[in-house]
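Each chain gets a letter, A, B and so on, in the order its sequence line appears, and its residues count up from 1. Just so it is clear, the model here is predicted, and its values are computed rather than measured.
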There are 2 protein chains.
Amino acid sequence: MARGTKITIRDVAARAGCSVATASRVLNRSGATSADSRARVERAAADLGFAFSAIGRALQSSRSMTVGVLVPSLANPVFAEAVQGAQEQLRDAGYQCLIASSTYDPERDAEALRVLTAKQVDGLIVTMVAPEDSSELGAARASGIPAVLMFHDPRAGLLSAHVDNAAAAREVARRCADAGHRNTGFLALRFSTSDRSRARFTGFMQGCAALGMAAPVLVEVSEDEAASPAALARTLSAHPGLTAIFASNDVLAIALQRAARELGLRVPQDLSVIGFDGIEIGRHLDRPLTTVETDPEAMGRQAARLLLAMLRGEMPEPPAPLPFTFRPGATLGAPAEDRDDDRAATRSPSAHPDQNPSFKRT
Amino acid sequence: MARGTKITIRDVAARAGCSVATASRVLNRSGATSADSRARVERAAADLGFAFSAIGRALQSSRSMTVGVLVPSLANPVFAEAVQGAQEQLRDAGYQCLIASSTYDPERDAEALRVLTAKQVDGLIVTMVAPEDSSELGAARASGIPAVLMFHDPRAGLLSAHVDNAAAAREVARRCADAGHRNTGFLALRFSTSDRSRARFTGFMQGCAALGMAAPVLVEVSEDEAASPAALARTLSAHPGLTAIFASNDVLAIALQRAARELGLRVPQDLSVIGFDGIEIGRHLDRPLTTVETDPEAMGRQAARLLLAMLRGEMPEPPAPLPFTFRPGATLGAPAEDRDDDRAATRSPSAHPDQNPSFKRT
DNA sequence: TTGTACGCGTTATCAT
DNA sequence: ATGATAACGCGTACAA
């Protein structure tokens, strides 16, 4: 049944007995048309099942109505949700999404940007390893393609839909201090390729310092380590003095608890664990995960709104960071043993940190 | 710095002092060219930073090198991973992905298909509410656009990358029987819009019947119910006799355990829980989730491979279903009490009941 | 109100 | 080996 014959506006015009110009005017409701020809054209289009070719339109208008979206990986639910949000918002404005992923490889970031610009996208929404160092991103912007970042802290001249990772991490430090912790660690995955991870560590350090705690120990793990409870347990056992660990994301925080259990450590009595992202599953666990809740879908939508404004020729203000919420769970508690020399500086008046009202910041 | 002036092959030709035809031949390595002009053209292209316009190419070749991918939602990690797999495989073959999502709305399925075909995609990979009833999908295929399904059981004339949901569900029934369960339930989300959910229930019914167990109780829940432990607990308490519940996906299975806990039920002593999908987090839980493990990313890759074959003009064989693995966890165990009086009552020698499922496809 | 004709960027055909 | 030109589908300036 494959009739490869595409129907074009010429076919419609022919059947309606008019010129393509008239057909175009009718179908686009542009320009003046007689009721008579209007009816005939619309009838013909319907009969033929005509649909405009976006390619032809793009060529003539030099607008593809397509936006390029680049993220590290859709296998990470946080990015997937953001893309979903962006895609929906763009769809409402008539734009489609061309997607690409880099798997955290800067070279693939570059290649993806080349392909997307070759496809003549009208705009770009990107999360990449190093936006500020990307000559491809610079070239795209220089050639007039508006671009906005997602997840990244705002860069020079670049708008970004983001949360204030450092501020969120400082809040985590405060909650740790309130619970009585002094010796903490930061468990990081992809530290070198994720500025989010780095920003969270920086903020956590700042917070710990400001609260008189020891500087947090940075514990970097590979994907393989993170996936293996045994390997993670080995890594963890190399840092016996820690009473609380802030993981750079929720999945890692959950894996960490598994590893802790293998070492015979109880959570939170022997080790407190705090995550980041606020994935849905975290609240359904037997021991609900203490974490920082964010809204990736909203981030995607905001990125899309910013880009749409730019596509309309506006110059939107840099947006305020999106809100995050500290979600008290059951994995952060007081350390089992208080050491007298620590107590004075860090003891909080609250005995039940997990029942504190959640902290909200915009 | 926005010089909106796109550099075209004419600019390259002008700078190289030759015709566009020669420039095209050099840049595409098609046709014969002199070493001299080759050098000049390549130099000019490099100097200008020339890149082909995919739009111009698409118009002239009527091939967009773009594939349309339609899924219910990228917020569901299962679909997101599949898209990631498909996207990577297609990228290796030089294709990009235009994505669309329906949020399980058939009307949006239709609209997405219209848009994608208007954008002249060379092929389609789709997961939708009702592929067999979609006139848009039929129209696309009739007009020569190859399409493959993802997640769906194979339909008449349509290839699909899928797992055998019914067989997997029968395996779950067998494991339940082995553990000594007789009164089971199937907890379903989006039963009416997901044929995966329906296939799993059907298979579970078949398995239960074949093993002499009571017919599983179908418990449908809304998104809101699934998200609220309290609501889920209420629904659950309406079915006190069940000793094991098979949830239509892992997230639901985890939420279910939370609800069970609210009712004072211990898992698995008082209630066994089995999930579906095999999400990574499930194995890191304190009580690792018993589930059926699948590989959505592999499914996406297979769908892409099938489509690529069709785009090469081949007519690939219907693929074998992708493998699934029953992953024993700690949430399926023997029921605490055996009730002798139930056994005789529910044993049915007849195979008839399970062949007339109580739900109807729409 | 309607039609003609050009240009968008590219490749292929046909001469030269 | 190279160049001129048509064609792809569309919108629009211009002419009628």
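The C1' atoms of five pairs define one axis at each end of the helix from dT1(C)-dA16(D) to dT16(C)-dA1(D), and these two axes lie 50° apart (to 10°).
Only at 4.0 angstrom or more do the heavy atoms of residues 90-99 of chain A sit from any atom of DNA chain D, so none qualifies.
Between Arg63(B) atom CZ and dA12(C) atom C1' there is a gap of 16 Å when expressed in whole angstrom units. Distance Arg38(B) CZ to dA1(D) C1': 11 Å, rounded to the nearest Å. In this entry the distance linking CZ of Arg25(A) with C1' of dC14(D) reads 11 Å, nearest Å. At whole-Å resolution of the value, CG in Leu27(B) and P in dA12(C) are 13 Å apart.
In this structure, Arg43(B) places its CZ atom where only 12 or fewer heavy-atom neighbours from other residues, nucleotides or ligands lie under 6.0 Å away. No more than 12 heavy atoms of other residues, nucleotides or ligands lie within 6.0 Å of CD in Glu317(B), so this atom counts as exposed by the packing criterion.
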Between the protein and nucleotides 8-10 of chain C, are there any N/O to N/O pairs under 3.5 Å, and if so, what are the atom names and distances?
| residue | atom | partner | partner atom | Å |
| --- | --- | --- | --- | --- |
| dC8(C) | O2 | Gln60(A) | N | 3.4 |
| dG9(C) | N2 | Gly56(B) | O | 3.4 |
| dT10(C) | OP1 | Ser53(B) | N | 2.7 |
| dT10(C) | OP2 | Ile9(B) | N | 2.7 |

Requested in this report: Assess whether side chain to side chain contact (heavy atoms under 4.5 Å, CB included) is satisfied between Lys6(A) and Ser143(B), documenting all intermediate values.
Outcome: CA-CA 7 Å; Lys6(A) 298 276 172 209; Ser143(B) 75; 3.7 Å; yes
Report task. Begin with the C-alpha distance, continue with both residues' side-chain angles, and end with the deciding distance and a verdict on side chain to side chain contact (heavy atoms under 4.5 Å, CB included) for Arg312(B) and Leu308(B). Result -> CA-CA 6 Å; Arg312(B) 284 191 301 266; Leu308(B) 287 168; 4.0 Å; yes
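For Tyr95(B), there are no ring pair (Phe, Tyr, Trp, His ring centres under 6.0 Å) partners, not counting sequence neighbours.
Taken from CD in Glu136(B) to CZ in Arg114(B), the straight-line distance is 5.0 Å, to the nearest 0.5 Å. A distance of 11.5 Å separates CD1 of Ile145(A) from CE of Met310(A), quoted to the nearest 0.5 Å.
In this structure, Ser30(A) and Thr22(B) both approach DNA chain D, and ranking their closest nucleotides by distance from the 5' end singles out Thr22(B).
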In a table with atom names and distances, give each donor-acceptor pair under 3.5 Å that connects a side chain of residues 65-80 of chain A to protein atoms at least two apart or in another chain.
| residue | atom | partner | partner atom | Å |
| --- | --- | --- | --- | --- |
| Thr66(A) | OG1 | Ser64(A) | O | 3.1 |
| Thr66(A) | OG1 | Lys119(B) | NZ | 2.7 |
| Ser73(A) | OG | Ala75(A) | N | 2.9 |
| Asn76(A) | OD1 | Val78(A) | N | 3.0 |

List the atom pairs, with distances to 0.1 Å, where a side-chain N or O of residues 24-35 of chain B and a protein N or O form a donor-acceptor pair under 3.5 Å, not counting sequence neighbours.
| residue | atom | partner | partner atom | Å |
| --- | --- | --- | --- | --- |
| Ser24(B) | OG | Asn28(B) | ND2 | 3.2 |
| Asn28(B) | OD1 | Arg57(B) | NH2 | 2.7 |
| Asn28(B) | ND2 | Ser24(B) | O | 3.0 |
| Arg29(B) | NH1 | Val26(B) | O | 3.3 |
| Thr33(B) | OG1 | Arg38(B) | NE | 3.3 |
| Ser34(B) | OG | Ser37(B) | N | 3.1 |
| Ser34(B) | OG | Ser37(B) | OG | 2.9 |

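Dashed line: the shortest gap from a side-chain N or O of Ser34(B) to OP1 or OP2 of dT2(D) is under 4.0 Å. Checking the phosphate oxygens (OP1, OP2) of dT2(D), a side-chain nitrogen or oxygen of Ser37(B) falls inside 4.0 Å.
Of all non-hydrogen atoms in Pro319(B) and Gln302(B), the two that sit nearest each other are CB-NE2, 3.6 Å.
A donor-acceptor pair is defined here as one N or O able to donate and one able to accept, closer than 3.5 Å; such a pair exists between the side chain of Thr117(A) and the backbone of Leu113(A).
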